[in-house]
Amino acid sequence: MGKTYFCDYCGRSFQDNLHNRKKHLQGVQHQRAKKFWFDSFRDSATILAEELAKKPCRKFLQSGQCDFGANCKFSHMTDEEIQTLRQKVEEENTVEQDDRLNPNIDEWLAKRAKRKENNLHIRCNTIKTLNQRLNGGIDLMGQMAYFCSYE
C-alpha cells in the first residue's frame, strides 16, 4: 500500500503523502492536540504570568461555559484558582532557593522522582481532558493505558 504516517499528538495514522500530511498538520484537531501536549510542560510561573495578562472571560464568568473553550483569548481562571497558582509559584521559588543554598544529592533525587511522577500525572490528565473534548473521537486513553495505569 505505501508508507503510513503516525501522528504522536493525535494518535492517528494515515497514508503518508504531501497532501494528507499537510491537511492533517493544519487541521484543528491536530493543532489542539499539539497545544495540549506542549501546555503540559509549562511551569506554574509561566501559566500565572499568562493568566494575569488576560482579561476575564465575561461569558465564562456568567454561564460557566465559553464557546471558544481552550482557544479563548480571555482567562477562564477564577480568583481562587489564580490565588492557588500564586501560592504554588511562591512555594516553588522558596524550594529552588533552599536547594541552591543546601545542595543534597539524596533530596535532589527524591524531588526529581516526585517531579517526574507529577509530570506523568499532568500528561495523563491532559490526555483525559483532550479525549473528553474530542467527544470520544479517538481513544487516546487506550493508547496511554500503559503510562497511566497507576491511576
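The analysis underlying the following values was restricted to heavy atoms, covering all of them including side chains, and did not include hydrogens, waters or symmetry mates.
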Check residues 57-70 and write down every donor-acceptor pair under 3.5 Å in which the side-chain atom is one partner and the other belongs to a residue at least two apart or another chain.
residue : atom : partner : partner atom : Å
S63     : OG   : K59     : O            : 2.9
S63     : OG   : Q65     : N            : 3.3
S63     : OG   : Q65     : O            : 3.1

**Report entry** Sequence-distant partners of K35, side-chain hydrogen bond (donor to acceptor under 3.5 Å, both in side chains), two or more places apart
**Finding:** D39

**Report entry** Close side-chain approach of R86 to L48, heavy-atom, < 4.5 Å
**Finding:** yes

Requested in this report: Tell me, please, which residues at least two apart from E80 pass side-chain hydrogen bond (donor to acceptor under 3.5 Å, both in side chains).
Outcome: T78

Report task. Please list, chain by chain and in numerical order, all residues satisfying side chain to side chain contact (heavy atoms under 4.5 Å, CB included) with S13, sequence neighbours excluded. Result -> F6

Query raised in the report: Can you name the residues that form a salt bridge (Lys or Arg N to Asp or Glu O under 4.0 Å) with D16, not counting sequence neighbours?
Result: R21

Query - OG1-CG distance between T84 and D79, expressed to the nearest 0.5 angstrom - result: 10.5 Å

Report task. List in chain and number order the residues that pass side chain to side chain contact (heavy atoms under 4.5 Å, CB included) with F38, two or more places apart in sequence or in another chain; answer none if no residue qualifies. Result -> Y9, K34

Query raised in the report: What residues form a side chain to side chain contact (heavy atoms under 4.5 Å, CB included) with S44, not counting sequence neighbours?
Result: L85, K88, V89, E92

Report task. Sequence neighbours left out, what passes side-chain hydrogen bond (donor to acceptor under 3.5 Å, both in side chains) with Q31? Give chain and number order. Result -> none

**Report entry** Distance (rounded to the nearest 0.5 Å) between I82 CD1 and Q87 CD
**Finding:** 12.5 Å

Report summary line: Contacts of Y5 meeting ring-ring contact (aromatic ring centres under 6.0 Å, His included) (sequence neighbours excluded), chain-then-number -> F14

Report summary line: Residues passing the salt bridge (Lys or Arg N to Asp or Glu O under 4.0 Å) test with K54, sequence neighbours excluded, are E51

Query raised in the report: From Q15 CD over to K3 NZ, what is the distance, rounded to the nearest 0.5 angstrom?
Result: 12.0 Å

Query raised in the report: Are any of the side-chain heavy atoms of H24 and C7 separated by less than 4.5 Å?
Result: yes

Query raised in the report: With R42, which residues qualify under side-chain hydrogen bond (donor to acceptor under 3.5 Å, both in side chains), at least two apart?
Result: E50

Requested in this report: Would you mind reporting whether R12 and Q29 have side-chain heavy atoms less than 4.5 Å apart?
Outcome: yes

Requested in this report: Supply the members, apart from V28, of the Ile/Leu/Val/Met/Phe/Trp/Tyr cluster built from side-chain contacts under 4.5 Å; use none for a lone residue.
Outcome: none

Report summary line: Residues N17 and N20: closest non-hydrogen pair is OD1-N, 2.8 Å

